[in-house]
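Reviewing the structure listed below.
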Amino acid sequence: RQTPDIKVINSKGKFIRTISRPGEGPGELSALNYPNSILYLPQQNLLGVIEMAPGRIALISPENVPQRGARFWTIKDNGQKDIVVANNGEFGRQNLVLSTQKLLVLFKLTTFEVGRYSLNGEPLAILDSNPSDHMFFEERAQQYFFYKPFAIDQNDVIYLAKDWMNYRIEAYDTDNQLVRVITRDFVPKKRTPADKEWIQNFVIPETKSFLEDYERTVLELTVYNSQLWVRPAQEPEKGVITTFDVFGLDGRLIQQVSLHGEADLKKDRLVFLPGNPERALVIRNLLINTNMPTAAQEDQEIVCYHIVRQ
């Protein structure tokens, strides 16, 4: 695997420098641990890189000063700590929301969870948990590995869409109490045979799979500029990357925002950039190059879009 690093690029797309270094110490990245997400901690002005296995966060300043990171862990039935596999996450002020996997070898199960963690890796609450048999690919049970229907705001309120079919987003305060539910009438999108074939590409060969007939209604949640952006499963119009429902953090629908440009979010990644003017990055072919065999990989490129609300 290629040695991971962080490349700094200015607003005009010019490469500035590379930060971080290989290793497993503070601020270091290890290809063996599968780094898979880079996040920004606005309160601390730090970059955080989540590594999958074992679950870990490496912290580094934009000036390339290593910071003390943390390993994510969970509590076993006997009260001892155990490591977890970290899939995806998002930072709030003092907490982060994280999707993880726990391996239960004795029972041949993997549990896919979404929970609240402290910045030192301590599990504070598990908000949803789905066990899955090792021998099968169960899409709904393993949904938090492939989708990010969760987000956290700067007050550490977590937003989570647990339901596969329904447009329902639950908000949990720092005491992990349900304080708000956001709903909207929405017709689930039925999958075509081509849709199912695409998902099957990500399944280990010879593994029996259980795929859903309908797309997950809420594919992604993001808190952006103090608003909750919701990406539901719908076919975009020509020339549109995707359309978001934008809510206030009080649950009030503000507007729908369509991002015009060229991207296929089955294989491309859309990332919002903090600050003003509002901007978004499209990282083309990121998902296909991460999950597909080398022969199926394509060249990557990063395109920056300005968001103009009308």
Side-chain angles (χ1 to χ4, degrees), residues 1-73 83-101 117-123 145 148 150-152 154 222-224 267-275 279-292 294 297-304:
R1 295 176 61 86
Q2 183 177 352
T3 301
D5 55 26
I6 301 173
K7 292 179 170 58
V8 181
I9 300 171
N10 69 14
S11 60
K12 299 185 182 299
K14 180 181 178 181
F15 171 78
I16 303 299
R17 64 184 183 277
T18 297
I19 61 177
S20 76
R21 60 190 180 192
E24 296 189 7
E28 297 176 341
L29 305 179
S30 171
L32 297 177
N33 294 345
Y34 294 88
N36 67 348
S37 299
I38 181 169
L39 309 168
Y40 179 61
L41 289 75
Q43 299 299 320
Q44 295 88 348
N45 189 31
L46 294 175
L47 300 173
V49 178
I50 293 178
E51 296 184 335
M52 286 187 66
R56 170 179 178 263
I57 180 169
L59 297 176
I60 189 169
S61 76
E63 294 76 30
N64 202 19
V65 178
Q67 307 290 318
R68 182 180 178 183
R71 291 197 183 277
F72 300 114
W73 45 274
I83 63 171
V84 297
V85 175
N87 295 327
N88 204 343
E90 190 171 299
F91 285 99
R93 182 181 296 270
Q94 298 295 333
N95 297 165
L96 69 152
V97 57
L98 186 72
S99 64
T100 62
Q101 300 174 49
Y117 283 76
S118 71
L119 298 185
N120 65 5
E122 178 186 3
F145 183 82
K148 184 186 162 292
F150 52 83
I152 187 170
Q154 286 304 298
T222 301
V223 172
Y224 182 57
K267 61 180 182 178
D268 304 336
R269 173 71 59 83
L270 179 67
V271 180
F272 291 98
L273 298 181
R279 294 170 298 163
L281 292 180
V282 171
I283 308 172
R284 291 186 176 156
N285 299 316
L286 176 66
L287 301 183
I288 191 172
N289 285 358
T290 302
N291 297 286
M292 293 293 192
T294 303
Q297 294 184 6
E298 301 177 18
D299 291 338
Q300 286 187 0
E301 63 177 352
I302 300 175
V303 182
C304 183

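The two atoms that bring Gln154 and Arg93 nearest to each other are O-NE, 3.0 Å, heavy atoms only. The two residues Ser118 and Leu96 come nearest to each other via the heavy atoms O-CD2, 3.5 Å. Between Ile283 and Val271 the shortest heavy-atom distance is CD1-CG2, 4.2 Å. Between Ala86 and Ile50, the closest heavy-atom pair is CB-CG2, 3.7 Å.
To the nearest 0.5 angstrom, Asp268 atom CG is 12.0 Å from Leu281 atom CG. Taking CD1 of Ile302 as the start and CG of Asn285 as the end, the distance is 11.5 Å to the nearest 0.5 Å. How far CD of Gln67 is from CG of Leu47: 10.5 Å, rounded to the nearest 0.5 Å. The CG atom of Leu41 lies 6.0 Å from the CD1 atom of Ile57; values are rounded to the nearest 0.5 Å. Atom CD1 in Ile6 sits 4.5 Å away from atom CD1 in Ile19 (nearest 0.5 Å). Distance CG/Asn120 to CD/Gln94: 10.5 Å, rounded to 0.5 Å.
With Ser99 contributing its side chain and Asn88 its backbone, the two residues share a donor-acceptor pair below 3.5 Å. Formation of a donor-acceptor pair under 3.5 Å by the Asn64 side chain with backbone atoms of Ser20 is found in this model. In this structure, Glu90 contributes its side chain and Ile152 its backbone to a donor-acceptor pair below 3.5 Å.
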### Task
Would you check, one step at a time, whether the test side chain to side chain contact (heavy atoms under 4.5 Å, CB included) holds for Tyr40 with Leu46?
CA-CA 6 Å; Tyr40 179 61; Leu46 294 175; over 6 Å; no
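Counting heavy atoms from C-beta on, the side chains of Leu119 and Gln44 come closer than 4.5 Å. Between Asn45 and Pro62 there is a side-chain heavy-atom pair separated by less than 4.5 Å.
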